[in-house]
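One structure below.
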Amino acid sequence: MKAQLHEAGNRARKTAEDALRESEELLAQGFEQSPIGMALTNLDGRFSLVNPAFARLLGYAAPEELVGVSFASLTHPHDAPENVAAIRAILEHDKPYRAKKRYIRKDGAVVDVLLAAGVVRDTRGQPAMFFTQVKDSSEHSAAGCERARLAAIVECSQDAIIGKDRAGIVTVWNPGAQRLYGYPASEAIGRPVSQLVPEAHRGEDREILDRVLAGERIEHYQTERVCKNGSVVNVSLSVSPIHDAAGRVTGASSIARDVTSARRAHEQIALQAQLLDEVDAAVTLTDGEGVVRYWSRGAQQLYGYVAAEAVGRKIVDLIILEENRPELSLRAGAQTGRPGDTESEVHDKHGRVFPVYVRHRGVSLGVPGTASPGLISVAIDITARRDAEQAIRRHAEGQEEIADLGRLALKGAPLEDLFDYAVGAACRVLSSDCAWLVERSPDASDPVLIAEVGWPDQKTGERIAGEGRSLSGYAVRSQMPVVVQDWEQELRFAPSSQRLARKVRSSVGVLVGDRGVERHARSASVGHRDSPFGVLEVQYTQSHAVPSDCVPFLTGLARVLGEAIRSWYAQDMIRSQSSSLEAMTESLRSLVSDKERLIEQIPG
C-alpha cells in the first residue's frame with residue numbers, strides 16, 4: 001500500500017513538474033517573441049533579463065548587451081527624479097506604475113516610450129525584482145496625431161462627409177453634411193442614408209453601397225440628393241470602402257460636393273456657346289499667352305479650323321500674318337475691360353488672305369485673386385465692304401480720270417500724250433501692275449506697243465509677237481471686252497511672251513476706237529477703214545485680281561480716247577484737204593497770171 005501511494009505521489013510530482021516546465025517554456029517563449037519590450041530589473045536597478053524587442057527599441061543588437069546595465073544610465077536626465085519617486089511608490093504601495101518616459105538609445109538618440117512597471121515578490125512576499133514593459137510611443141503618438149488630423153479635416157471640410165455601415169446606416173455626419181442637407185448630426189446618425197435619395201433615384205444608394213462593399217471606389221459620380229427642406233441639389237459623389245484593422249470592409253465613406261451652381265453655370269455657358277454659334281461672326285477667347293481657349297462655330301466658318309484644331313494653339317500661328325504680329329503684341333497689352341477695335345489682314349487654314357474687322361475686350365480668366373488676362377474677340381469678314389468701298393473709290397476716280405482725259409483732248413494735246421495719260425489712269429484707278437495700249441496693224445500682223453506704264457523695260461514701238469492669237473486679237477475678233485481672271489485656266493487663247501516673262505496671272509482688255517478709225521492710213525478715205533484702232537489692256541501678277549466693276553471704267557476711258565483719235569484724224573484730214581485746196585488755188589493763180597502775161601504779149 002505504501003509502495004502504491006509512493007508511486008502515485010511520484011507520478012503526480014512528475015506531472016506537476018512537467019506542467020511547470022511547460023509553463024516556464026511558454027512564458028520564456030512569450031517573453032522572447034513579444035513585440036513589446038520587456039525587462040526584469042534587480043532591486044539595484046540593473047537589468048537581469050531583457051527581451052529582443054526591448055533591445056531593438058534601445059538600439060542594441062542583442063539583449064545580452066543590456067544585462068548588468070543600470071536602467072538609470074539609459075534614462076533621460078529630466079525623467080530621473082520621477083523614476084526614483086515611482087520606484088519608491090511601487091515598493092511602498094505595491095501599485096503598478098504607468099507613464100511616458102524617455103530612454104537614451106545606444107546611438108545617443110532619444111526615444112519616447114510608454115512604460116508600465118511593477119514589483120515581483122518572492123515566496124516570502126519580499127520584493128525580488130522589477131518587471132517592466134515598454135512600447136515606442138512615437139508610433140502611438142503618430143497614429144493618434146493622424147487620427148486627430150483626419151478628424152479635424154472631416155470636421156472642417158466644406159464638403160459633406162458621411163460614413164455608413166454595411167446596412168447603409170449613417171455613422172459619421174460632419175458639419176459640411178449638415179450645411180448641405182440641413183439635418184443636424186443628431187437627426188442623421190443612426191438613420192438610413194436613403195432618406196437623402198429622391199424618388200427619381202430610389203435604390204441608387206444601395207447599388208452604390210454594394211459596389212463599394214465589393215471593393216470598388218467611385219469617383220465624381222454626378223447625381224441628385226434631397227435636403228431636409230425638400231429642395232433637390234446636384235452633387236458630385238466620391239465613395240470609398242472603410243476597412244477595419246483586419247482589412248475587412250465594414251462600411252463606406254462618401255464625400256459629396258454641391259455642384260448645383262457649377263452645373264447651372266455650365267448650362268449657362270453651354271447656352272451662351274450655342275448663342276455665340278448662332279452669331280454670324282467669329283468669336284474667340286485667348287489667354288495671356290495668346291493660346292485659344294474658345295473657338296465658336298463662326299470662327300470655324302471664317303478661318304477654316306474646327307474647334308478641336310484651334311483650342312490649345314496660339315492664335316498667331318493660326319490666322320495672323322507675319323507682318324501683323326508686332327501690332328498684335330501691342331494690343332495684347334490693353335487693359336482688362338477696355339474695348340477696342342481694329343481692321344487687319346488675316347489668313348485662313350488654306351492660306352487665303354482677307355480683311356476682317358475685330359472688336360476685342362480684355363477679360364479676366366480664373367477666380368478672383370488668381371485671375372490671368374485674356375482677350376475675347378469678335379471678328380467679321382469685311383471683304384465685301386472693302387470691295388464696295390474700293391468700287392466706289394474706283395468709280396469716283398475713274399470718272400475724274402475720264403473727264404481729265406476729255407479735257408486734255410479738247411485742249412488739243414498730242415495723241416502720244418493722250419495715250420500715256422490713258423494707260424496711266426487705267427493703272428492708277430485699277431491698282432494694276434502694268435497697263436499698255438497696243439495699235440492694230442491693217443495687215444493683221446503683230447500689234448505695236450504705243451504706250452505703257454508699270455514695266456520700265458517695255459519699249460514703245462515694239463511689236464508684240466504672237467499677240468494675233470492672244471487677248472487683243474480675241475478682243476478685236478469678238479468686238480467685246482475680254483477678262484481673264486486666271487491665265488492658267490484660260491482656254492480661249494494663249495498668253496503672249498511678254499505676259500509669260502512677267503508672270504502675269506490675270507488681265508483685262510477693251511477696244512479703243514471702232515470701225516472706221518485707223519491711225520495707220522491717215523491719208524486714206526475714212527470709209528475704207530474697217531478695224532478698231534487698238535486695245536487698252538491692264539495686267540496683274542495675281543490671279544483673280546481684275547476688279548469686277550472695271551469694264552465700264554475702261555470702256556469709258558477707251559471711248560474718250562477713241563473719240564480723241566477720231567477727232568485728231570478728222571482734223572488731220574481737214575488739214576490735208578485744206579493744204580490741197582491751197583495748192584490748187586495757188587496753181588490757178590499761177591495759170592491766170594501766166595494767161596495774163598501771154599495776152600499781154602500778143603500784138604495789138
Side-chain angles (χ1 to χ4, degrees), residues 273 276-286 290-332 334 339-361 375-398 427-434 483-490 503-508 538-551 553:
L276 288 176
D277 282 342
E278 297 301 321
V279 175
D280 189 19
V283 183
T284 61
L285 174 65
T286 54
V291 176
V292 176
R293 297 304 180 194
Y294 175 75
W295 191 264
S296 72
R297 187 180 303 167
Q300 174 182 338
Q301 294 171 348
L302 184 60
Y303 302 122
Y305 297 95
V306 299
E309 295 176 303
V311 174
R313 296 178 60 186
K314 288 195 173 185
I315 192 74
V316 295
D317 297 331
L318 294 172
I319 64 171
I320 305 301
L321 300 177
E322 190 71 31
E323 57 269 24
N324 292 341
R325 294 187 180 186
E327 178 186 354
L328 182 70
S329 299
L330 291 175
R331 292 205 309 271
D341 58 3
T342 186
E343 292 184 5
S344 180
E345 301 284 329
V346 297
H347 66 81
D348 63 11
K349 181 179 179 179
H350 307 292
R352 179 178 70 94
V353 177
F354 57 95
V356 292
Y357 168 79
V358 183
R359 180 79 174 173
H360 52 82
R361 176 188 290 272
L375 193 71
I376 186 168
S377 304
V378 181
I380 59 173
D381 186 349
I382 58 173
T383 301
R385 194 197 78 188
R386 286 273 184 93
D387 290 345
E389 291 173 348
Q390 292 175 0
I392 294 172
R393 176 190 59 78
R394 283 194 299 268
H395 179 75
E397 293 179 358
C427 194
R428 287 190 299 272
V429 173
L430 301 182
S431 302
S432 67
D433 296 290
C434 174
V483 176
V484 178
Q485 290 289 12
D486 190 347
W487 275 104
E488 293 183 359
Q489 304 297 323
E490 181 57 52
K503 298 181 180 180
V504 172
R505 295 292 305 278
S506 54
S507 306
V508 57
V538 177
Q539 320 292 343
Y540 296 88
T541 55
Q542 297 290 328
S543 63
H544 300 278
V546 178
S548 59
D549 60 339
C550 70
V551 171
F553 162 65

What closest approach, in Å, do A379 and V358 show between heavy atoms, and which atom pair accounts for it? CB-CG2, 3.9 Å
Hey, what do you get for CG (D341) to CZ (R359), rounding to the nearest 0.5 Å? 5.0 Å
Under the side-chain contact (heavy atoms from CB on, under 4.5 Å) criterion, do V292 and L318 qualify, and how do the steps go? CA-CA 10 Å; V292 176; L318 294 172; 3.9 Å; yes
Check this for me: does any side-chain nitrogen of one of E389 and R393 sit under 4.0 Å from a carboxylate oxygen of the other? no
Looking at side-chain heavy atoms only, is the closest gap between C550 and R394 below 4.5 Å? no
Within this structure, what is the OH-SG distance for the pair Y540 and C434, rounded to the nearest 0.5 Å? 11.0 Å
Output for pair (R361 CZ, L285 CG), nearest 0.5 Å, gives 13.5 Å
When you check the side-chain N and O atoms of S507 and W487, is any donor under 3.5 Å from an acceptor? yes
Does the pair V483 and V551 meet the rule for a side-chain contact (heavy atoms from CB on, under 4.5 Å), with working shown? CA-CA 9 Å; V483 176; V551 171; 4.0 Å; yes
Side chain proximity check, H395 to D549, heavy atoms < 4.5 angstrom: no
Distance-minimising heavy-atom pair for S296 and A281: OG-O, 3.8 Å
State, yes or no, whether a side-chain contact exists between F354 and V346 at a heavy-atom distance under 4.5 Å. yes
Can you label the angle between the W295 ring and the Y303 ring as parallel, tilted or perpendicular, going by 30° and 60°? tilted
Under the side chain to side chain donor-acceptor pair (under 3.5 Å) test, which residues partner E345, sequence neighbours left out? R386
Interatomic distance, S506 atom OG to D433 atom CG [nearest 0.5 angstrom]: 8.0 Å
Could you please spell out the steps behind the salt bridge (charged side-chain N to carboxylate O under 4.0 Å, His left out) verdict for R505 and E490? CA-CA 10 Å; R505 295 292 305 278; E490 181 57 52; over 6 Å; no
Y294 OH to T286 OG1 distance, which is reported to the nearest 0.5 Å: 14.0 Å
Show the atom names and distances, to 0.1 Å, of all donor-acceptor pairs under 3.5 Å that link a side chain in residues 309-316 to residues at least two apart or in another chain.
from : atom 1 : to   : atom 2 : distance (Å)
E309 : OE1    : V306 : N      : 3.0
E309 : OE1    : K349 : NZ     : 3.3
E309 : OE2    : K349 : NZ     : 2.8

For the atom pair OG (S432) and CD (Q539), what is the distance rounded to the nearest 0.5 Å? 8.0 Å
Q390 side chain near R385 side chain, heavy-atom distance below 4.5 Å: no
Check step by step if side-chain contact (heavy atoms from CB on, under 4.5 Å) holds for I382 and E343. CA-CA 9 Å; I382 58 173; E343 292 184 5; 3.7 Å; yes
So D348 and L302, do their side chains get closer than 4.5 Å, heavy atoms only? no
